[in-house]
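Note that the structure is a prediction, hence the values are computed from the model and not measured.
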Amino acid sequence: MSTVLDGLLEQSDRVHLYEFCKQTIQKDPHALPAIFTQLYRTLMGNLDDADLHQTIAQLYYDFELYANALESCLDILSTKINYTPSYGLLSKLYYRIGDPQPIISHFELAINHALWFPIVIESLPKFYADHNRSSDLVWFYERWHQYSGSLSPYHMEAAHAYQANKQYHQAASAYHDYAATSPIARTHAIRGLKQLLRVYKQCGNAYQWLIHLLIETCNPDGIHPILAQVVACECPTTIHTCYAMATQAYPHDSRFWVLWLTAYTQPIIPWNETEYMRINHKLLALSLSETDTQSWVSTTHYSLNNHTLMVKNQVILLDILLDHHHDQAAYSCLATLLNTHALGNHPTLQGLMSRIGDQDTPMGLYLYAQWLIQTNQYATAYTILNRLYATPYHAKALLLASQLAKQRRHHPEMVQLLVHLVHRYPDTADHHHALINAHTYWCNEQRRSLTERSPKTQYQLGLLAFRDERLSDAIAHFQKIRFISKPKP
(Lines give C-alpha, C1' and ligand atoms only; values in the text may rest on other atoms or scores of the structure.)
Protein backbone atom coordinates (compact mmCIF):
# COMPACT_ATOMS: atom_id res chain seq x y z
CA MET A 1 0.00 0.00 0.00
CA SER A 2 2.78 2.41 0.94
CA THR A 3 4.41 2.06 -2.48
CA VAL A 4 1.15 2.75 -4.34
CA LEU A 5 0.32 5.67 -2.05
CA ASP A 6 3.73 7.22 -2.53
CA GLY A 7 3.31 6.94 -6.26
CA LEU A 8 -0.07 8.63 -6.22
CA LEU A 9 1.24 11.43 -4.01
CA GLU A 10 3.88 12.20 -6.57
CA GLN A 11 1.20 12.73 -9.22
CA SER A 12 -0.76 15.98 -9.58
CA ASP A 13 -4.09 14.22 -10.10
CA ARG A 14 -5.68 14.02 -6.65
CA VAL A 15 -8.79 12.22 -7.85
CA HIS A 16 -7.07 8.84 -8.07
CA LEU A 17 -5.35 9.53 -4.75
CA TYR A 18 -8.70 10.20 -3.08
CA GLU A 19 -10.32 7.08 -4.55
CA PHE A 20 -7.41 4.87 -3.49
CA CYS A 21 -7.37 6.19 0.09
CA LYS A 22 -11.14 5.91 0.47
CA GLN A 23 -11.29 2.33 -0.85
CA THR A 24 -8.30 1.24 1.26
CA ILE A 25 -9.84 2.60 4.48
CA GLN A 26 -13.20 1.07 3.64
CA LYS A 27 -11.52 -2.34 3.28
CA ASP A 28 -9.31 -1.92 6.34
CA PRO A 29 -10.36 0.83 8.80
CA HIS A 30 -7.17 0.26 10.74
CA ALA A 31 -5.25 1.66 7.81
CA LEU A 32 -6.76 5.14 8.42
CA PRO A 33 -4.03 6.50 10.80
CA ALA A 34 -1.22 5.39 8.51
CA ILE A 35 -2.82 6.90 5.42
CA PHE A 36 -3.48 10.26 7.12
CA THR A 37 0.06 10.29 8.48
CA GLN A 38 1.43 9.84 4.98
CA LEU A 39 -0.90 12.47 3.56
CA TYR A 40 0.01 15.06 6.21
CA ARG A 41 3.73 14.32 5.79
CA THR A 42 3.43 15.16 2.12
CA LEU A 43 1.28 18.26 2.86
CA MET A 44 3.85 19.61 5.31
CA GLY A 45 6.31 19.61 2.45
CA ASN A 46 4.02 21.83 0.38
CA LEU A 47 1.43 23.74 2.42
CA ASP A 48 0.19 25.49 -0.72
CA ASP A 49 -1.14 22.22 -2.11
CA ALA A 50 -4.81 23.06 -1.59
CA ASP A 51 -5.97 20.05 -3.63
CA LEU A 52 -4.15 17.65 -1.27
CA HIS A 53 -5.49 19.49 1.75
CA GLN A 54 -9.01 19.28 0.28
CA THR A 55 -8.52 15.53 -0.26
CA ILE A 56 -7.71 15.14 3.43
CA ALA A 57 -10.79 17.21 4.37
CA GLN A 58 -13.03 15.11 2.10
CA LEU A 59 -11.71 11.84 3.62
CA TYR A 60 -12.40 13.19 7.09
CA TYR A 61 -15.97 13.93 6.02
CA ASP A 62 -16.43 10.49 4.39
CA PHE A 63 -15.47 8.73 7.59
CA GLU A 64 -17.56 11.04 9.82
CA LEU A 65 -14.66 12.93 11.34
CA TYR A 66 -16.61 16.17 10.84
CA ALA A 67 -14.66 18.38 13.24
CA ASN A 68 -11.42 17.48 11.48
CA ALA A 69 -13.02 18.07 8.08
CA LEU A 70 -14.24 21.51 9.20
CA GLU A 71 -10.82 22.46 10.53
CA SER A 72 -9.17 21.42 7.28
CA CYS A 73 -11.62 23.45 5.15
CA LEU A 74 -11.16 26.54 7.28
CA ASP A 75 -7.37 26.15 7.09
CA ILE A 76 -7.57 26.03 3.29
CA LEU A 77 -9.80 29.13 3.07
CA SER A 78 -7.59 31.05 5.47
CA THR A 79 -4.91 31.10 2.78
CA LYS A 80 -7.00 30.61 -0.38
CA ILE A 81 -10.34 32.26 0.17
CA ASN A 82 -11.40 31.65 -3.42
CA TYR A 83 -10.90 27.88 -3.27
CA THR A 84 -14.33 26.71 -4.42
CA PRO A 85 -14.28 22.99 -3.39
CA SER A 86 -13.95 23.92 0.28
CA TYR A 87 -17.19 25.89 0.15
CA GLY A 88 -18.96 22.85 -1.29
CA LEU A 89 -17.73 20.66 1.57
CA LEU A 90 -18.60 23.34 4.13
CA SER A 91 -22.19 23.41 2.85
CA LYS A 92 -22.37 19.65 3.62
CA LEU A 93 -20.72 20.06 7.02
CA TYR A 94 -23.29 22.72 7.95
CA TYR A 95 -25.81 20.00 8.74
CA ARG A 96 -23.26 17.77 10.53
CA ILE A 97 -21.81 20.02 13.22
CA GLY A 98 -23.30 21.62 16.31
CA ASP A 99 -22.29 25.24 15.76
CA PRO A 100 -22.63 26.33 12.14
CA GLN A 101 -21.55 29.93 12.74
CA PRO A 102 -17.93 29.41 11.57
CA ILE A 103 -19.27 28.11 8.27
CA ILE A 104 -21.72 31.02 7.94
CA SER A 105 -18.95 33.50 8.72
CA HIS A 106 -16.74 32.13 5.94
CA PHE A 107 -19.58 32.29 3.43
CA GLU A 108 -20.21 35.91 4.46
CA LEU A 109 -16.50 36.59 4.07
CA ALA A 110 -16.71 35.28 0.52
CA ILE A 111 -19.58 37.69 -0.21
CA ASN A 112 -17.57 40.58 1.21
CA HIS A 113 -14.80 39.65 -1.23
CA ALA A 114 -17.33 39.54 -4.11
CA LEU A 115 -16.87 35.77 -4.47
CA TRP A 116 -20.36 34.98 -5.71
CA PHE A 117 -19.82 31.27 -6.28
CA PRO A 118 -23.00 29.30 -7.07
CA ILE A 119 -22.54 27.23 -3.91
CA VAL A 120 -22.33 30.42 -1.85
CA ILE A 121 -25.42 31.95 -3.47
CA GLU A 122 -27.36 28.72 -3.03
CA SER A 123 -26.29 27.91 0.52
CA LEU A 124 -26.01 31.13 2.51
CA PRO A 125 -29.71 32.16 2.18
CA LYS A 126 -30.67 28.66 3.35
CA PHE A 127 -28.41 29.01 6.37
CA TYR A 128 -30.06 32.32 7.29
CA ALA A 129 -33.56 30.95 6.72
CA ASP A 130 -32.84 27.98 9.00
CA HIS A 131 -32.25 30.39 11.86
CA ASN A 132 -34.97 32.94 10.91
CA ARG A 133 -32.33 35.59 10.35
CA SER A 134 -34.42 37.81 8.08
CA SER A 135 -32.17 40.83 8.56
CA ASP A 136 -29.20 38.79 7.31
CA LEU A 137 -31.23 37.64 4.34
CA VAL A 138 -31.94 41.26 3.51
CA TRP A 139 -28.21 42.00 3.80
CA PHE A 140 -27.44 39.15 1.41
CA TYR A 141 -29.87 40.29 -1.30
CA GLU A 142 -28.87 43.93 -0.99
CA ARG A 143 -25.23 42.92 -1.47
CA TRP A 144 -26.30 40.93 -4.51
CA HIS A 145 -28.13 43.98 -5.84
CA GLN A 146 -25.00 46.07 -5.39
CA TYR A 147 -22.91 43.44 -7.15
CA SER A 148 -25.19 42.63 -10.09
CA GLY A 149 -27.12 45.88 -10.50
CA SER A 150 -30.51 44.26 -9.85
CA LEU A 151 -32.21 41.66 -7.71
CA SER A 152 -32.67 39.35 -10.68
CA PRO A 153 -33.13 36.41 -10.53
CA TYR A 154 -33.89 36.63 -6.81
CA HIS A 155 -36.74 39.17 -6.76
CA MET A 156 -39.23 36.92 -5.01
CA GLU A 157 -36.69 35.63 -2.50
CA ALA A 158 -35.65 39.20 -1.72
CA ALA A 159 -39.28 40.30 -1.44
CA HIS A 160 -39.99 37.55 1.09
CA ALA A 161 -36.88 38.52 3.04
CA TYR A 162 -37.88 42.19 3.14
CA GLN A 163 -41.39 41.26 4.18
CA ALA A 164 -40.15 38.96 6.95
CA ASN A 165 -37.95 41.81 8.16
CA LYS A 166 -40.96 44.20 8.08
CA GLN A 167 -39.42 46.32 5.32
CA TYR A 168 -42.69 46.40 3.43
CA HIS A 169 -41.97 49.19 0.98
CA GLN A 170 -38.78 47.45 -0.20
CA ALA A 171 -40.72 44.19 -0.47
CA ALA A 172 -43.35 45.85 -2.64
CA SER A 173 -40.64 47.29 -4.87
CA ALA A 174 -39.10 43.84 -5.31
CA TYR A 175 -42.48 42.37 -6.28
CA HIS A 176 -43.05 45.20 -8.73
CA ASP A 177 -39.65 44.75 -10.38
CA TYR A 178 -40.22 41.01 -10.62
CA ALA A 179 -43.58 41.52 -12.35
CA ALA A 180 -41.83 43.18 -15.29
CA THR A 181 -39.77 40.09 -16.10
CA SER A 182 -42.52 37.82 -17.51
CA PRO A 183 -46.29 37.19 -17.48
CA ILE A 184 -45.82 34.31 -15.03
CA ALA A 185 -43.71 36.54 -12.81
CA ARG A 186 -46.46 39.17 -12.91
CA THR A 187 -48.96 36.61 -11.63
CA HIS A 188 -46.66 35.70 -8.74
CA ALA A 189 -45.98 39.38 -8.02
CA ILE A 190 -49.71 40.14 -7.84
CA ARG A 191 -50.16 37.32 -5.36
CA GLY A 192 -47.20 38.57 -3.32
CA LEU A 193 -48.47 42.17 -3.21
CA LYS A 194 -51.90 41.02 -2.07
CA GLN A 195 -50.36 38.96 0.70
CA LEU A 196 -48.21 41.93 1.74
CA LEU A 197 -51.26 44.19 2.03
CA ARG A 198 -52.98 41.68 4.26
CA VAL A 199 -50.07 42.05 6.65
CA TYR A 200 -49.33 45.76 6.24
CA LYS A 201 -52.13 47.98 4.97
CA GLN A 202 -50.17 51.25 5.04
CA CYS A 203 -47.91 50.48 2.07
CA GLY A 204 -49.12 53.05 -0.44
CA ASN A 205 -46.87 51.96 -3.31
CA ALA A 206 -48.18 48.41 -3.04
CA TYR A 207 -51.72 49.62 -3.78
CA GLN A 208 -50.62 51.64 -6.80
CA TRP A 209 -48.44 48.89 -8.27
CA LEU A 210 -51.04 46.22 -7.62
CA ILE A 211 -53.79 48.20 -9.35
CA HIS A 212 -51.44 48.90 -12.26
CA LEU A 213 -50.69 45.18 -12.64
CA LEU A 214 -54.37 44.25 -12.41
CA ILE A 215 -55.16 46.80 -15.11
CA GLU A 216 -52.48 45.18 -17.28
CA THR A 217 -54.15 41.79 -16.77
CA CYS A 218 -57.63 43.26 -17.50
CA ASN A 219 -58.97 42.26 -14.10
CA PRO A 220 -61.46 44.88 -12.87
CA ASP A 221 -62.99 42.43 -10.41
CA GLY A 222 -59.59 42.09 -8.78
CA ILE A 223 -59.21 45.86 -8.59
CA HIS A 224 -62.45 46.41 -6.66
CA PRO A 225 -61.36 44.84 -3.31
CA ILE A 226 -58.03 46.67 -3.51
CA LEU A 227 -59.77 50.02 -3.96
CA ALA A 228 -62.12 49.15 -1.12
CA GLN A 229 -59.20 49.04 1.33
CA VAL A 230 -56.87 51.68 -0.15
CA VAL A 231 -58.05 54.27 2.41
CA ALA A 232 -56.17 52.20 5.00
CA CYS A 233 -52.85 53.46 3.60
CA GLU A 234 -53.71 56.85 5.17
CA CYS A 235 -52.06 58.76 2.33
CA PRO A 236 -54.44 61.11 0.47
CA THR A 237 -52.14 61.36 -2.56
CA THR A 238 -51.92 57.58 -2.94
CA ILE A 239 -55.66 57.19 -2.46
CA HIS A 240 -56.40 59.78 -5.16
CA THR A 241 -53.90 58.19 -7.53
CA CYS A 242 -55.39 54.72 -7.12
CA TYR A 243 -58.94 55.87 -7.76
CA ALA A 244 -57.83 57.96 -10.71
CA MET A 245 -55.98 54.99 -12.24
CA ALA A 246 -58.95 52.65 -11.84
CA THR A 247 -61.58 55.08 -13.15
CA GLN A 248 -59.41 56.09 -16.08
CA ALA A 249 -58.93 52.44 -17.09
CA TYR A 250 -62.60 51.55 -16.48
CA PRO A 251 -64.61 54.80 -16.77
CA HIS A 252 -67.95 52.96 -17.02
CA ASP A 253 -67.47 50.77 -13.94
CA SER A 254 -69.73 52.48 -11.43
CA ARG A 255 -68.25 50.47 -8.55
CA PHE A 256 -64.99 52.40 -8.73
CA TRP A 257 -66.72 55.80 -8.80
CA VAL A 258 -68.88 54.87 -5.81
CA LEU A 259 -65.83 53.77 -3.81
CA TRP A 260 -64.08 57.03 -4.67
CA LEU A 261 -67.14 58.98 -3.55
CA THR A 262 -67.44 57.10 -0.24
CA ALA A 263 -63.77 57.83 0.48
CA TYR A 264 -64.85 61.40 1.20
CA THR A 265 -66.58 60.17 4.36
CA GLN A 266 -63.15 59.35 5.80
CA PRO A 267 -61.43 62.01 7.94
CA ILE A 268 -58.09 61.33 6.23
CA ILE A 269 -59.39 62.60 2.87
CA PRO A 270 -59.27 66.40 2.43
CA TRP A 271 -62.61 67.78 1.31
CA ASN A 272 -62.62 68.75 -2.37
CA GLU A 273 -66.06 69.91 -3.45
CA THR A 274 -65.14 70.21 -7.13
CA GLU A 275 -63.81 66.65 -7.30
CA TYR A 276 -66.69 65.33 -5.25
CA MET A 277 -69.28 66.83 -7.57
CA ARG A 278 -67.39 65.64 -10.65
CA ILE A 279 -67.73 62.08 -9.35
CA ASN A 280 -71.44 62.61 -8.73
CA HIS A 281 -71.94 63.81 -12.30
CA LYS A 282 -70.20 60.64 -13.53
CA LEU A 283 -72.49 58.46 -11.42
CA LEU A 284 -75.60 60.23 -12.70
CA ALA A 285 -74.80 58.84 -16.15
CA LEU A 286 -74.14 55.23 -15.04
CA SER A 287 -76.20 52.23 -13.95
CA LEU A 288 -75.61 51.18 -10.33
CA SER A 289 -76.27 48.01 -8.39
CA GLU A 290 -78.58 48.16 -5.39
CA THR A 291 -75.63 48.01 -2.99
CA ASP A 292 -73.74 50.77 -4.79
CA THR A 293 -76.87 52.89 -4.94
CA GLN A 294 -77.27 52.59 -1.19
CA SER A 295 -73.64 53.60 -0.67
CA TRP A 296 -74.09 56.56 -3.01
CA VAL A 297 -77.19 57.77 -1.19
CA SER A 298 -75.61 57.31 2.24
CA THR A 299 -72.54 59.27 1.18
CA THR A 300 -74.74 62.01 -0.28
CA HIS A 301 -76.65 62.35 2.99
CA TYR A 302 -73.37 62.40 4.95
CA SER A 303 -71.89 65.11 2.75
CA LEU A 304 -74.95 67.34 3.02
CA ASN A 305 -74.87 67.06 6.80
CA ASN A 306 -71.13 67.47 7.29
CA HIS A 307 -69.93 69.89 4.62
CA THR A 308 -70.91 73.38 3.54
CA LEU A 309 -71.48 73.09 -0.19
CA MET A 310 -72.41 75.67 -2.77
CA VAL A 311 -76.19 75.98 -3.07
CA LYS A 312 -76.26 74.69 -6.64
CA ASN A 313 -74.38 71.58 -5.53
CA GLN A 314 -76.68 71.06 -2.58
CA VAL A 315 -79.62 71.14 -4.96
CA ILE A 316 -78.02 68.44 -7.12
CA LEU A 317 -77.42 66.22 -4.08
CA LEU A 318 -80.96 66.79 -2.80
CA ASP A 319 -82.27 65.74 -6.20
CA ILE A 320 -80.22 62.54 -5.89
CA LEU A 321 -81.86 61.76 -2.54
CA LEU A 322 -85.31 62.41 -3.97
CA ASP A 323 -84.56 60.33 -7.07
CA HIS A 324 -83.88 57.35 -4.85
CA HIS A 325 -86.91 57.92 -2.61
CA HIS A 326 -84.98 59.12 0.42
CA ASP A 327 -87.45 61.95 0.89
CA GLN A 328 -87.08 62.33 4.64
CA ALA A 329 -83.31 62.71 4.39
CA ALA A 330 -83.75 65.25 1.58
CA TYR A 331 -86.35 67.22 3.56
CA SER A 332 -84.12 67.30 6.63
CA CYS A 333 -81.19 68.72 4.65
CA LEU A 334 -83.47 71.11 2.78
CA ALA A 335 -84.87 72.46 6.04
CA THR A 336 -81.33 73.35 7.10
CA LEU A 337 -80.73 75.00 3.75
CA LEU A 338 -83.92 77.09 3.92
CA ASN A 339 -83.07 78.24 7.43
CA THR A 340 -79.72 79.54 6.20
CA HIS A 341 -79.71 83.29 5.93
CA ALA A 342 -80.48 84.75 2.49
CA LEU A 343 -80.57 81.39 0.67
CA GLY A 344 -84.33 81.11 0.19
CA ASN A 345 -84.26 83.41 -2.84
CA HIS A 346 -81.43 81.52 -4.53
CA PRO A 347 -82.42 80.93 -8.18
CA THR A 348 -81.21 77.30 -8.26
CA LEU A 349 -83.86 76.37 -5.70
CA GLN A 350 -86.74 77.08 -8.08
CA GLY A 351 -86.78 73.71 -9.83
CA LEU A 352 -86.18 71.69 -6.66
CA MET A 353 -88.94 73.47 -4.74
CA SER A 354 -91.41 73.05 -7.59
CA ARG A 355 -90.64 69.34 -7.59
CA ILE A 356 -91.18 69.10 -3.84
CA GLY A 357 -94.41 71.09 -4.11
CA ASP A 358 -95.71 68.52 -6.60
CA GLN A 359 -94.99 65.53 -4.34
CA ASP A 360 -97.93 66.22 -2.02
CA THR A 361 -96.25 65.00 1.18
CA PRO A 362 -96.90 66.97 4.39
CA MET A 363 -93.27 67.68 5.19
CA GLY A 364 -92.51 68.56 1.57
CA LEU A 365 -95.52 70.90 1.38
CA TYR A 366 -94.46 72.54 4.63
CA LEU A 367 -90.96 73.23 3.27
CA TYR A 368 -92.50 74.40 0.00
CA ALA A 369 -94.72 76.86 1.90
CA GLN A 370 -91.72 78.06 3.88
CA TRP A 371 -89.84 78.72 0.64
CA LEU A 372 -92.86 80.49 -0.90
CA ILE A 373 -92.98 82.86 2.07
CA GLN A 374 -89.23 83.54 1.79
CA THR A 375 -89.68 84.38 -1.88
CA ASN A 376 -92.76 86.58 -1.23
CA GLN A 377 -95.15 84.27 -3.11
CA TYR A 378 -97.84 84.85 -0.49
CA ALA A 379 -100.93 83.80 -2.43
CA THR A 380 -99.50 80.37 -3.27
CA ALA A 381 -98.21 80.05 0.27
CA TYR A 382 -101.73 80.55 1.67
CA THR A 383 -103.02 77.84 -0.65
CA ILE A 384 -100.39 75.36 0.47
CA LEU A 385 -100.96 76.19 4.14
CA ASN A 386 -104.68 75.55 3.75
CA ARG A 387 -103.85 72.08 2.40
CA LEU A 388 -101.61 71.42 5.39
CA TYR A 389 -104.33 72.15 7.94
CA ALA A 390 -105.82 68.72 7.26
CA THR A 391 -102.50 66.88 7.77
CA PRO A 392 -100.32 65.96 10.77
CA TYR A 393 -98.52 69.22 10.04
CA HIS A 394 -101.55 71.20 11.21
CA ALA A 395 -99.74 72.80 14.17
CA LYS A 396 -96.64 73.64 12.14
CA ALA A 397 -98.82 75.09 9.41
CA LEU A 398 -100.59 77.40 11.90
CA LEU A 399 -97.25 78.60 13.25
CA LEU A 400 -95.96 79.22 9.75
CA ALA A 401 -99.19 81.02 8.80
CA SER A 402 -98.81 83.29 11.84
CA GLN A 403 -95.28 84.11 10.69
CA LEU A 404 -96.66 84.91 7.24
CA ALA A 405 -99.25 87.24 8.80
CA LYS A 406 -96.51 88.89 10.85
CA GLN A 407 -94.37 89.35 7.75
CA ARG A 408 -97.31 90.99 5.98
CA ARG A 409 -98.04 93.12 9.08
CA HIS A 410 -101.46 91.55 9.51
CA HIS A 411 -101.13 91.58 13.27
CA PRO A 412 -104.71 90.70 14.24
CA GLU A 413 -104.58 87.69 11.93
CA MET A 414 -101.22 86.67 13.42
CA VAL A 415 -102.64 86.68 16.93
CA GLN A 416 -105.88 84.98 15.89
CA LEU A 417 -104.00 82.09 14.29
CA LEU A 418 -101.98 81.56 17.44
CA VAL A 419 -105.10 81.73 19.61
CA HIS A 420 -106.59 78.99 17.48
CA LEU A 421 -103.35 77.00 17.84
CA VAL A 422 -103.41 77.29 21.64
CA HIS A 423 -107.05 76.23 21.80
CA ARG A 424 -106.31 73.23 19.59
CA TYR A 425 -103.13 72.20 21.42
CA PRO A 426 -103.47 73.62 24.96
CA ASP A 427 -100.76 71.43 26.50
CA THR A 428 -97.91 72.67 24.31
CA ALA A 429 -95.91 75.32 26.14
CA ASP A 430 -94.19 76.55 22.99
CA HIS A 431 -97.54 77.55 21.51
CA HIS A 432 -98.40 79.63 24.58
CA HIS A 433 -95.02 81.34 24.40
CA ALA A 434 -95.57 82.07 20.72
CA LEU A 435 -98.93 83.67 21.49
CA ILE A 436 -97.46 85.80 24.30
CA ASN A 437 -94.60 86.91 22.05
CA ALA A 438 -97.06 87.77 19.29
CA HIS A 439 -99.15 89.95 21.66
CA THR A 440 -96.00 91.68 22.86
CA TYR A 441 -94.81 92.24 19.31
CA TRP A 442 -98.19 93.67 18.25
CA CYS A 443 -98.27 96.04 21.24
CA ASN A 444 -94.75 97.24 20.52
CA GLU A 445 -95.62 97.82 16.89
CA GLN A 446 -98.68 99.83 17.88
CA ARG A 447 -96.65 101.88 20.36
CA ARG A 448 -93.95 102.51 17.76
CA SER A 449 -96.54 103.55 15.21
CA LEU A 450 -98.08 106.05 17.63
CA THR A 451 -94.65 107.40 18.53
CA GLU A 452 -93.71 107.88 14.92
CA ARG A 453 -96.88 110.00 14.41
CA SER A 454 -95.97 112.37 17.28
CA PRO A 455 -94.79 115.88 16.06
CA LYS A 456 -92.73 116.25 19.22
CA THR A 457 -90.85 113.03 18.56
CA GLN A 458 -90.14 114.00 14.95
CA TYR A 459 -88.96 117.45 16.10
CA GLN A 460 -86.52 115.92 18.57
CA LEU A 461 -85.24 113.42 16.00
CA GLY A 462 -84.74 116.30 13.53
CA LEU A 463 -82.70 118.30 16.06
CA LEU A 464 -80.49 115.26 16.76
CA ALA A 465 -79.91 114.71 13.06
CA PHE A 466 -79.10 118.41 12.56
CA ARG A 467 -76.64 118.31 15.44
CA ASP A 468 -74.93 115.30 13.87
CA GLU A 469 -74.78 117.16 10.55
CA ARG A 470 -77.12 114.62 8.92
CA LEU A 471 -79.00 117.35 7.09
CA SER A 472 -81.02 115.11 4.78
CA ASP A 473 -82.32 113.11 7.78
CA ALA A 474 -83.11 116.33 9.66
CA ILE A 475 -85.13 117.69 6.72
CA ALA A 476 -87.02 114.39 6.43
CA HIS A 477 -88.06 114.53 10.11
CA PHE A 478 -89.14 118.19 9.91
CA GLN A 479 -91.21 117.44 6.81
CA LYS A 480 -93.02 114.68 8.72
CA ILE A 481 -94.02 117.31 11.32
CA ARG A 482 -95.71 119.29 8.60
CA PHE A 483 -97.47 116.21 7.32
CA ILE A 484 -98.60 115.05 10.78
CA SER A 485 -99.69 118.61 11.86
CA LYS A 486 -101.62 119.35 8.70
CA PRO A 487 -105.32 119.58 9.54
CA LYS A 488 -107.63 117.09 7.90
CA PRO A 489 -109.95 118.62 5.26
Side-chain angles (χ1 to χ4, degrees), residues 111 116 118 120-130 132-251 253 255-256 259-260 263:
I111 297 298
W116 291 92
V120 174
I121 297 174
E122 177 186 348
S123 300
L124 188 53
K126 293 180 181 178
F127 299 161
Y128 289 146
D130 287 341
N132 295 319
R133 291 166 59 172
S134 57
S135 60
D136 290 323
L137 274 170
V138 168
W139 171 84
F140 173 84
Y141 290 116
E142 287 185 345
R143 292 302 297 269
W144 171 255
H145 188 277
Q146 293 173 9
Y147 171 74
S148 67
S150 75
L151 287 173
S152 180
Y154 305 109
H155 290 102
M156 288 296 284
E157 293 85 349
H160 293 155
Y162 280 124
Q163 193 166 327
N165 204 43
K166 298 183 178 180
Q167 293 176 253
Y168 299 111
H169 296 283
Q170 292 88 335
S173 179
Y175 285 129
H176 181 250
D177 292 344
Y178 181 52
T181 60
S182 72
I184 295 177
R186 182 171 58 194
T187 300
H188 290 297
I190 289 173
R191 188 179 302 118
L193 287 168
K194 288 180 178 179
Q195 195 277 332
L196 184 152
L197 288 174
R198 284 194 288 269
V199 176
Y200 184 71
K201 300 184 183 301
Q202 287 75 39
C203 187
N205 288 337
Y207 291 101
Q208 294 185 49
W209 289 330
L210 184 52
I211 290 173
H212 173 73
L213 294 175
L214 290 170
I215 291 173
E216 285 186 342
T217 58
C218 301
N219 186 3
D221 291 336
I223 294 173
H224 184 261
I226 306 304
L227 281 181
Q229 71 180 67
V230 69
V231 176
C233 77
E234 299 180 353
C235 175
T237 301
T238 296
I239 294 168
H240 181 276
T241 300
C242 289
Y243 284 123
M245 289 170 58
T247 52
Q248 183 175 358
Y250 299 98
D253 195 321
R255 297 174 299 170
F256 301 160
L259 285 174
W260 195 350

Q) Is there side-chain contact between L197 and Y168, with at least one heavy-atom pair below 4.5 Å? A) no
Q. Nearest heavy-atom pair of A185 and T181: which atoms, and what distance?
A. CB-OG1, 3.1 Å
Q) Roughly how far, to the nearest 0.5 Å, is the NE2 atom of H145 from the NE2 atom of H155? A) 7.5 Å
Q) Hey, what do you get for NE2 (H188) to OG (S182), rounding to the nearest 0.5 Å? A) 8.0 Å
(Q) If I compare all heavy atoms of C203 with all of A172, which pair ends up nearest, and what's the gap? (A) SG-CB, 3.9 Å
Q: Decide side-chain contact (heavy atoms from CB on, under 4.5 Å) for D221 and R255; before the verdict, give the C-alpha distance in whole Å, the side-chain angles of both, and the deciding distance to 0.1 Å.
A: CA-CA 10 Å; D221 291 336; R255 297 174 299 170; 3.2 Å; yes
Q: Kindly state whether the ring of W144 and the ring of Y141 have centres lying under 6.0 angstrom apart.
A: no
Q. Do the ring centers of W116 and Y147 come within less than 6.0 Å of each other?
A. yes
**Q.** Where I121 and Y154 come nearest, the two heavy atoms and their spacing
**A.** CG2-OH, 3.0 Å
Q.
Would you say that E157 contacts Y178 through its side chain, given a criterion of any heavy-atom pair below 4.5 Å between the two side chains?
A. no
Q) Hey, does S150 have a side-chain heavy atom less than 4.5 Å from the side chain of D177? A) no
Q. So E216 and H212, side chain to side chain donor-acceptor pair (under 3.5 Å) or not? Walk me through it.
A. CA-CA 6 Å; E216 285 186 342; H212 173 73; 3.1 Å; yes
Q: Any chance you could measure R143, atom CZ, to S148, atom OG, to the nearest 0.5 Å?
A: 12.0 Å
Q: Determine the minimum heavy-atom distance between V231 and I239, stating which atoms define it.
A: CA-CD1, 3.7 Å
Q.
Once rounded to the nearest 0.5 Å, what's the spacing between atom CG of L196 and atom CD of Q163?
A. 4.5 Å
Q: Verify side-chain contact (heavy atoms from CB on, under 4.5 Å) between H224 and L259, making sure each step is shown before the conclusion.
A: CA-CA 9 Å; H224 184 261; L259 285 174; 3.5 Å; yes
Q: Indicate yes or no for a side-chain donor-acceptor contact from S123 to the backbone of V120 under 3.5 Å, with no hydrogens or angles considered.
A: no
Q.
If you define the side chain from C-beta out and look only at heavy atoms, does anything of Y243 sit under 4.5 Å from V230?
A. yes
(Q) If you compare all heavy atoms of L137 against all heavy atoms of A161, which two are closest, and at what distance to 0.1 Å? (A) CB-CB, 3.7 Å
Q) Run the side-chain contact (heavy atoms from CB on, under 4.5 Å) check on F256 and M245 step by step: do they pass? A) CA-CA 10 Å; F256 301 160; M245 289 170 58; over 6 Å; no
Q | Closest contact, heavy atoms only, C233 versus G204 | A | CB-CA, 4.2 Å
Q.
Is there a side-chain contact (heavy atoms from CB on, under 4.5 Å) between L227 and Y207? Walk through the geometry before answering.
A. CA-CA 8 Å; L227 281 181; Y207 291 101; over 6 Å; no
Q) Hey, are the side chains of Y175 and W209 touching, using non-hydrogen atoms and a 4.5 Å cut-off? A) no
**Q.** Separation of Q229 CD from C242 SG (nearest 0.5 Å)
**A.** 10.5 Å
Q. Given R133, which of F127, Y128, W139 fulfils the side-chain contact (heavy atoms from CB on, under 4.5 Å) condition?
A. Y128
Q. When rounded to the nearest 0.5 angstrom, what distance separates CD1 in I226 from CG in L214?
A. 6.5 Å
Q) Side chain of T217, backbone of L213: donor and acceptor closer than 3.5 Å? A) yes
